[in-house]
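For clarity, every value in this text was computed on a predicted model and none was experimentally measured.
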Amino acid sequence: MNATFLAGSIFSPGQVAAMIVVGVLIGLLIIANISLFVIFRRRKERKLCTSQLQQKRDSLLEKLKHITDDGALEEGAQPPMHRAEKAAEQEEAPEDEEDEVDDGDDDDSDDGVPENTGEVDEDPAKAEILAVADMSEYTRRKLGYLGDEYDRKRYYVRYTQGFEAKLLAADDEVKNRYLELIGELAQYKGVKIKSSFRQQRIYKGRMTLGIILFRGKTLCVAFALDPKEYEETKYRGIDKSDKKRFAKTPLLYRLTSARRMEYAKYLLIQLADANTIVLGEPQRVEYDFSQKTPDELFVADMIRITVLGEAPEAEPEPEPELTVEETFDGEPTDHGDREENDEDDIEFETPEGRMVFDRSFTARIIQADDALKARYSELKNYMLNYKGVKNRVSWKREAFVIGRKTVAMFTVRGKTLCLYLAADPTRFDNTKYNVENLSETASRRKTPLLFRVKSDRRTAYAKQLIDIVMQENGAVRTDRRPVDYTSPYRSNDALVKRGLIRITQSVSKNPFGAGKK
């Protein structure tokens with residue numbers, strides 16, 4: 001009110017009206033200039049984008065001509081395909097149950113902690129068995145198994161692999177295609193990738209451009225493109241527009257060959273052209289493909305564990321009758337030859353009688369010398385480097401299996417690490433390996449070849465024998481990251497408390513008294 005009265009006292013009403021009109025015109029002129037600047041800038045970006053992408057498109061088409069079987073293609077013609085590619089085109093993979101669930105573009109609401117039902121709701125034969133003692137503290141805390149009462153329990157579990165876990169388990173060809181794909185994406189300015197449990201989202205700003213995912217073992221990419229525009233072309237994919245998960249990215253493309261990888265790059269150009277995304281400088285892209293244990297994958301949220309129910313305790317394999325006793329002072333009493341461990345029992349005198357300790361395989365490793373521990377860790381890593389090989393630890397031994405077939409075992413006999421292999425020992429008669437034949441021993445019929453690992457040289461020989469057995473069983477080596485399987489020394493008392501040493505017998509000094517279990 002005061003400003004209007006002051007302006008009215010200085011200027012006439014006509015002058016005030018003229019000033020208002022001039023101010024409005026100046027504001028409109030500024031807005032017009034800004035609008036023209038934005039329009040011309042976008043036109044310039046569009047022109048630059050079109051020029052860059054056209055060059056890249058021409059280069060890619062030229063490359064595609066060279067990788068086709070019959071040379072140059074006519075416009076719109078279908079390129080020749082190999083049988084594997086034709087099968088991939090004609091036979092669509094079965095629908096995943098993931099396709100029926102919409103959990104957002106890049107996020108999963110599930111916190112990854114499975115519900116422990118306490119009952120087996122699936123066939124236990126198809127489930128894995130996981131021992132609580134093999135879990136890390138993080139895994140035990142997540143699954144709720146922190147008390148000492150769980151130390152010797154085992155559970156049937158089902159592993160659900162996330163995107164990155166499937167990528168780590170994929171073959172080298174799939175890994176190379178993934179690196180090629182993300183290397184191509186890195187060339188586009190402002191385009192980023194965000195990982196979630198089930199997929200990776202390709203985006204720029206708030207705009208979703210695509211998702212990278214697995215269907216079974218096949219690497220796929222879904223583009224934010226209209227599938228109908230490519231139905232009659234060689235770039236056609238799978239129309240997923242009827243699925244909520246693919247609402248923004250309905251064109252699903254399966255990267256099953258090098259040729260289809262090049263087609264995917266062409267679709268990326270189309271996507272960039274539609275969204276005015278310019279090219280930047282090529283960047284070197286790296287990814288850590290080192291193998292991880294299931295526990296490491298769970299800690300990194302790459303897999304999820306569903307507990308199906310409690311598994312029974314592992315039944316120890318039948319052991320031969322003991323024929324050698326060792327007194328507490330270390331002087332053995334020989335009662336004949338024995339097939340099993342030279343130090344099965346530790347026996348010592350107490351006021352009540354003789355106490356006998358039965359040490360488990362794990363206890364023997366813990367109380368072994370550093371050289372034996374190092375050889376054990378090295379050879380265990382070497383066997384687990386083979387894809388599909390899993391280990392199972394029982395009371396007296398550690399077994400390595402492929403499917404349901406036991407291919408190798410470890411025991412400790414005295415101060416020697418012993419390796420048993422599922423191979424014919426007679427093949428290695430009169431060779432440098434100096435193996436022992438246990439084929440007539442009932443408990444060793446599956447792994448009749450015994451090789452004692454006493455030195456670094458024999459450790460190298462053990463690896464050669466392992467290679468032979470694994471190749472015969474179709475196992476392929478991987479680049480799994482080594483794990484330190486050595487453990488610090490623990491006393492007998494500590495191992496008894498942990499359940500790794502059992503007090504199996506107490507023999508009374510009374511000559512007329514019976515021994516007590």
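One N or O on the side chain of Asp424 and one on the backbone of Thr426 form a donor-acceptor pair closer than 3.5 Å. Of the possible donor and acceptor atoms, none in the side chain of Thr406 sits under 3.5 Å from a partner among the backbone N and O of Val401. No donor-acceptor distance shorter than 3.5 angstrom exists from the side chain of Arg480 to the backbone of Ser290, with no hydrogens or angles considered. Although no hydrogens or angles enter the test, the distance criterion places a donor-acceptor pair under 3.5 Å between the side chain of Ser136 and the main chain of Thr139. Looking only at distances, no side-chain donor or acceptor of Thr447 sits under 3.5 Å from a matching main-chain atom of Tyr420.
Between Phe246 and Leu213, the shortest heavy-atom contact is CZ-CD1, 3.9 Å. Nearest heavy atoms, Ala462 versus Leu419: CB-CD2, 4.0 Å. Contact detail for Lys204 and Gly190: the closest heavy-atom pair is CG-O, 3.5 Å. The minimum heavy-atom distance between Leu372 and Thr416, with the atom names listed, is CD1-C, 3.8 Å. Residues Ser487 and Lys373 come closest through the heavy atom pair O-NZ, 2.6 Å. Here the shortest heavy-atom pairing between Ala374 and Thr486 reads N-CG2, 4.2 Å.
The line from CZ of Arg141 to CG of Leu146 is 7.0 Å long, rounded to the nearest 0.5 Å. With rounding to the nearest 0.5 angstrom, the OG atom of Ser455 is 8.5 Å from the OH atom of Tyr461. In this structure, Asp288 CG and Leu168 CG are separated by 7.5 Å, a value rounded to the nearest 0.5 Å. In this structure, the separation between CG on Leu167 and OG on Ser195 is 9.5 Å, given to the nearest 0.5 Å. In this structure, the separation between CD1 on Ile305 and CG on Leu297 is 9.5 Å, given to the nearest 0.5 Å. Atoms CG and CD1, on Leu271 and Ile202 in that order, are 8.0 Å from each other to the nearest 0.5 Å.
Relative to the ring axis of Phe451, Arg458 places its NZ or CZ within 45° and under 6.0 Å from the centre. Both tests do not hold together for Arg140 against Tyr150: distance to the six-membered ring centre under 6.0 Å, angle to the ring axis within 45°. Note that Arg364 lies outside the cation-pi zone of Phe361, set by a 6.0 Å cut-off to the ring centre and a 45° limit from the axis. A cation-pi contact, defined as under 6.0 Å to the ring centre and within 45° of the axis, is absent between Arg397 and Phe410.
Between Arg427 and Glu472 there is a salt bridge, since a side-chain N of the basic residue sits under 4.0 Å from a carboxylate O of the acidic one. Between Glu128 and Arg392 there is a salt bridge, with a side-chain nitrogen of the basic residue lying less than 4.0 Å from a carboxylate oxygen of the acidic one. A salt bridge links Glu262 with Lys265: the distance from a Lys NZ or Arg NE/NH1/NH2 to an Asp or Glu carboxylate oxygen falls below 4.0 Å.
With hydrogens and angles left out, the side-chain atoms of Gln199 and Arg245 include a donor and acceptor closer than 3.5 Å. In summary, the side chains of Thr293 and Asp295 do not present any donor paired with an acceptor at a separation below 3.5 Å, with no hydrogens or angles considered. Between the side chains of Glu398 and Tyr485, no donor N or O sits under 3.5 Å from an acceptor N or O. Arg445 and Ser439 are not linked by any side-chain donor-acceptor pair at a separation below 3.5 angstrom, with hydrogens and angles left out of the test. Residues Tyr386 and Gln471 have side chains that never bring a donor and an acceptor to within less than 3.5 angstrom of each other. Side chains of Arg359 and Gln367: a donor-acceptor N/O pair is present below 3.5 angstrom, by distance only.
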Tell me, with the steps shown, if Tyr145 and Asp151 meet side-chain contact (heavy atoms from CB on, under 4.5 Å).
CA-CA 8 Å; Tyr145 300 137; Asp151 287 351; over 6 Å; no

I would like to know whether Met383 and Met470 meet side-chain contact (heavy atoms from CB on, under 4.5 Å); could you show each step before the answer?
CA-CA 8 Å; Met383 280 196 276; Met470 294 302 177; 4.1 Å; yes

Taking it one step at a time, do Glu310 and Lys153 satisfy salt bridge (charged side-chain N to carboxylate O under 4.0 Å, His left out)?
CA-CA 8 Å; Glu310 187 172 349; Lys153 289 185 178 292; 3.1 Å; yes

Does the ring-ring contact (aromatic ring centres under 6.0 Å, His included) test come out yes or no for Tyr230 and Tyr235, once each step is laid out?
CA-CA 6 Å; Tyr230 301 93; Tyr235 308 107; 7.0 Å; no

So Tyr138 and Val299, side-chain contact (heavy atoms from CB on, under 4.5 Å) or not? Walk me through it.
CA-CA 7 Å; Tyr138 173 88; Val299 171; 3.5 Å; yes

Show your working on side-chain contact (heavy atoms from CB on, under 4.5 Å) between Lys166 and Met302 and close with a plain yes or no.
CA-CA 9 Å; Lys166 290 181 179 180; Met302 294 183 185; over 6 Å; no

Go through it in stages, so that I can follow the logic: the residues are Glu173 and Lys217, the test is salt bridge (charged side-chain N to carboxylate O under 4.0 Å, His left out), and I'd like the CA-CA distance, side-chain angles, deciding distance and then a yes or no.
CA-CA 12 Å; Glu173 192 174 5; Lys217 295 183 179 180; over 6 Å; no

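Residues Phe298 and Tyr159 keep their aromatic ring centres 6.0 Å or farther apart. If you look at Phe197 and Phe163, their ring centroids are not closer than 6.0 Å.
Between Val157 and Thr306, the closest side-chain pair of non-hydrogen atoms is not below 4.5 Å. Under the 4.5 Å side-chain criterion, counting only non-hydrogen atoms from C-beta, Tyr433 is not in contact with Leu449. Looking at heavy atoms from C-beta onward, Ile303 lies out of side-chain contact with Thr160 at the 4.5 angstrom threshold. Between Lys248 and Met207 there is no side-chain heavy-atom pair separated by less than 4.5 Å. Using a 4.5 Å cut-off on side-chain heavy atoms (C-beta onward), Ile466 and Val469 make no contact. Using a 4.5 Å cut-off on side-chain heavy atoms (C-beta onward), Gln200 and Ile211 make no contact. The shortest distance between side-chain heavy atoms of Ile501 and Asp358 does not fall below 4.5 Å. Contact check for Lys454 versus Thr459: no side-chain heavy atoms found under the 4.5 Å cut-off.
Taking the six-membered ring where tryptophan is involved, the planes of Phe223 and Tyr253 are tilted, since the angle between them lies from 30° to 60°.
Heavy-atom contacts from other residues, nucleotides or ligands closer than 6.0 Å to CG of Asp370 number 12 or fewer.
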